[in-house]
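What you see is a predicted model; the values in this text were computed from it and never measured. Heavy atoms only: backbone and side chains are in, while hydrogens, waters and symmetry mates are out. In what follows, chains are A, B, ... by sequence order, proteins preceding strands, each numbered from 1.
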Amino acid sequence: MLDLRMIRQNPDKVREALRKTGEDASLDVLLSLDEKRRSMLTEVEKLKAQRNEVSDQVADLRRNKQDAQPLIDEMKVVSQKIKDFDDELRDLDAEIMDILLRIPNMPHESVHEGTSEEDNKEIRRWGEQTEFSFQPLPHWELGTNLDILDFERASKVTGSRFNFLKGAGARLERALINFMLDLHSDEHGYTEVFPPFMVNKASATGTGQLPKFAEDMFKLEGLDYFLIPTAEVPVTNLYRDEILSMDDLPIYHVAYSACFRSEAGSHGRDTRGLVRTHQFNKVELVKFVAPENSYDELEKLTNDAEKVLQKLGLPYRVSQMCTADLGFTAAKKYDPEVWMPSYGRYVEISSCSNFEDFQARRANIRFRREKGSRPEFVHTLNGSGIAIGRCLAAILENYQQEDGSVIVPEVLRPYMGGLEKITSKK
RNA sequence: GGAGAGGUGACAGAGUGGCCGAAUGUGGCGGUCUCGAAAACCGUUGGGCGUGCAAACGUCCCGUGGGUUCAAAUCCCACCCUCUCCGCCA
């Protein structure tokens, strides 16, 4: 959420920033509602001041056993006026909030302008695109042949876009989760948290899923709970409505969670395999930092995510998102993308963003620089560190052998009971 | 699921209609004292919104949302959460 006062003071700057994102949020309605609200507020507060003063007089008269009835009668009228004003103000506030909650974040000045994902820029590349001396298979065929992946039965048991992992596949999934949690907590200084997989409305609003993207989440019947689309939601909301102290910052958290996405609007896209599913696992990195450090922290966060791919020996590149592909909440975003042979291109496997104070303002997460100073909003960041399902797919595809077996990357072997290669049992 | 108790400032804990944004204690901060520290003493110590260059002023906030009243932390209604006991359960 943007700061209403900032919008009021720099409407042209905000308009220009939003234009670059491709969203044409009209500020005119917002600004006129704001104007109206402030003038009403001034009036009603005058009335309240009067009421408070007269109430004191009434109290005095009563104590002195004098007649207060004329004053009371007079105040009845004033009170009714106040009530009318307050009702209207309540509606105004709700309208203003509804508009504010639907305005996207403004891109950081270092983000290049673009009109679609075509304009994203590759900023670095690591490793060589895997070459094969034979015809490589896509991971869904490899996994099915090895009997470690089962999509058919998953669609029987649940539906499309779900999967079963079996045997070494299930173990590999678990190995990846543990490897990443260990890496980030032991070597990168993140504190592990294990979050709830459902959140309430306030949390989903805090990180920006609501009100605009409700249809992307699974909602529980009869409850105001949502299945989380990412651990970002519960973990960022850990400190909602809190004032942290400067000594607490920066806070780094790493969290495993299952992620649930309705994938509304992506019918027909990536229908096979592990790339786009309704439920997948992910290890997520979340940071809470002082504003002046957030851009350095974004670089570090991205490096931490990349480290996972390097250790796994998976070729990747990092793209910087242009102004049109930042999504709703980010001010700046890097997407590490892994080389996926079956796609013949790099596929997003992480997404690292600085939200500045956009989420912090929604979720009311603040910090105090020193005792007695005014609270300020923290900056929040997060990034996948990394998506497990897509990572497992990338391993199967990049490490496949001519005989259909798959080499286990060395760093994962301790997590796999020493297994070096996944082979078919048949 | 049944029965009961309770949600007040950083924490503990008063406050049952007006002089209460809130006693008191602890903690924090500043000071006096001290070579220094402790103790003691003195002072200070919430947030949002609005007006204003600022100083300041106004207003709102005692779990949340409504309501009653000239006036609500205090009365009424709904909801949320916590705790205790019983039952059930991984």
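Figure legend. B:G30 is base-paired to B:C42; pairs are counted as Watson-Crick or G-U wobble with both atom distances under 3.5 Å. With a 3.5 Å ceiling on both atom-pair distances, B:G36 lacks any Watson-Crick or G-U wobble partner. Using the Watson-Crick or G-U wobble rule with both distances under 3.5 Å, B:G21 pairs with nothing in any strand shown. Here B:G4 sits opposite B:C83 as a Watson-Crick or G-U wobble pair (both hydrogen-bonding atom distances under 3.5 Å). Here B:U64 sits opposite B:A78 as a Watson-Crick or G-U wobble pair (both hydrogen-bonding atom distances under 3.5 Å). Nucleotide B:G58 forms a Watson-Crick or G-U wobble pair with B:C49, both donor-acceptor distances falling under 3.5 Å. When both pairing distances are held under 3.5 Å, B:U16 makes no Watson-Crick or G-U pair with any nucleotide shown. Nucleotide B:C88: unpaired (no Watson-Crick or G-U wobble partner with both distances less than 3.5 Å).
Comparing the C1' positions of B:U69 and B:C75 gives an interatomic distance of 10 Å, to the nearest angstrom. With both ends at atom P, the span from B:C11 to B:U64 equals 14 Å, rounded to whole Å. Straight-line distance between the C1' atoms of B:C83 and B:G28: roughly 29 Å, to the nearest whole Å. Comparing the P positions of B:G36 and B:U26 gives a spacing of 25 Å, expressed to the nearest Å. Nucleotides B:G25 and B:C77 place their C1' atoms 36 Å apart, quoted to the nearest Å. Atom C1' of B:U45 sits at a distance of 24 Å from the matching atom of B:A54, rounded to the whole Å. Across the P atoms, B:A55 and B:G48 are found 15 Å apart, a figure rounded to whole Å. Rounded to the nearest Å, the gap between the P atom of B:U68 and that of B:A72 is 11 Å.
A 6.0 Å sphere centred on CD of A:Glu152 holds no more than 12 heavy atoms belonging to other residues, nucleotides or ligands.
Listed nucleotides B:C81, B:C70, B:U68 differ in distance to A:Tyr225; the shortest reach to its side chain belongs to B:C81. Side chain of A:Pro375, nearest nucleotide from B:G48, B:G50, B:C70: B:G48. Looking at the side chain of A:Arg5, the nearest of the listed nucleotides B:A71, B:G50, B:G48 is B:G50. Here B:G67 is the nucleotide among B:G50, B:G67, B:G47 with the atom lying nearest to any side-chain atom of A:Arg90.
Listed pair A:Arg374 / B:G47 fails the phosphate criterion, with no side-chain N or O lying under 4.0 Å from OP1 or OP2. Side-chain N/O atoms of A:Ser79 include one lying less than 4.0 angstrom from OP1 or OP2 on B:A71. Residue A:Arg8 has a polar side-chain atom (N or O) positioned under 4.0 Å from OP1 or OP2 of B:G50. Taking side-chain N and O atoms only, A:Lys48 has no distance below 4.0 Å to OP1 or OP2 of B:C57. Applying the 4.0 Å criterion to OP1 and OP2 of B:U59, one finds that A:Asn52 has a side-chain N or O inside that range. For the pair A:Arg368 and B:G46, the criterion of a side-chain N or O lying under 4.0 Å from OP1 or OP2 is not met.
In terms of modelled atom types and a separation under 3.5 Å, the side chain of A:His278 and the main chain of A:Arg261 share a donor-acceptor contact. Between the side chain of A:Arg102 and the main chain of A:Lys212, no donor-acceptor pair closer than 3.5 Å is present. Between the side chain of A:Asn120 and the backbone N or O of A:Cys322 there is at least one donor-acceptor pair closer than 3.5 Å.
Put simply, CG on A:Asp224 is 18 Å from P on B:U64, counting in whole angstrom units. At whole-Å resolution of the value, CG in A:Asn364 and P in B:C61 are 18 Å apart. We find that CD of A:Gln9 is positioned 14 Å from C1' of B:U51, with the value rounded to whole Å. The separation between A:Leu244 atom CG and B:A10 atom P is 14 Å, rounded to whole Å. Atoms CE (A:Met40) and P (B:G50) sit 15 Å apart, rounded to a whole Å. Separating the CD1 atom of A:Ile243 from the C1' atom of B:G47 is a distance of 6 Å, rounded to the nearest angstrom. If you take CG of A:Leu89 and P of B:G58, they are 20 Å apart, rounded to a whole angstrom. Atom P of nucleotide B:G46 and atom CD of A:Glu376 are separated by 18 Å, given to the nearest angstrom.
Taking the side chain as every heavy atom from C-beta outward, A:Tyr239 and A:His253 approach each other to under 4.5 Å. Side chains of A:Gln80 and A:Asp84 form a contact here, defined as non-hydrogen atoms less than 4.5 Å apart.
Applying a 4.0 Å cut-off to non-hydrogen atoms, the residues of residues 59-73 of chain A that approach RNA chain B are A:Ala59, A:Arg62, A:Arg63, A:Ile72, listed by residue number.
At the heavy-atom level, A:Val58 lies under 4.0 Å from base atoms of the strands shown. A:Arg361 comes within 4.0 angstrom of no nucleic acid atom, judged by non-hydrogen atoms across all strands.
Between A:Arg8 and A:Leu31 the shortest heavy-atom distance is CA-CD2, 3.9 Å.
Counting only N and O atoms by type, the side chains of A:Gln359 and A:Thr329 include no donor and acceptor under 3.5 Å apart. Side chains of A:Asp73 and A:Gln69: a donor on one and an acceptor on the other come within 3.5 Å.
Of the options A:His188, A:Lys300, A:His184, a side-chain hydrogen bond (donor to acceptor under 3.5 Å, both in side chains) to A:Tyr252 is made by A:Lys300 and by none of the others.
Comparing A:Met75 and A:Ala49 against RNA chain B, the residue whose closest nucleotide sits nearer the 5' end is A:Ala49.
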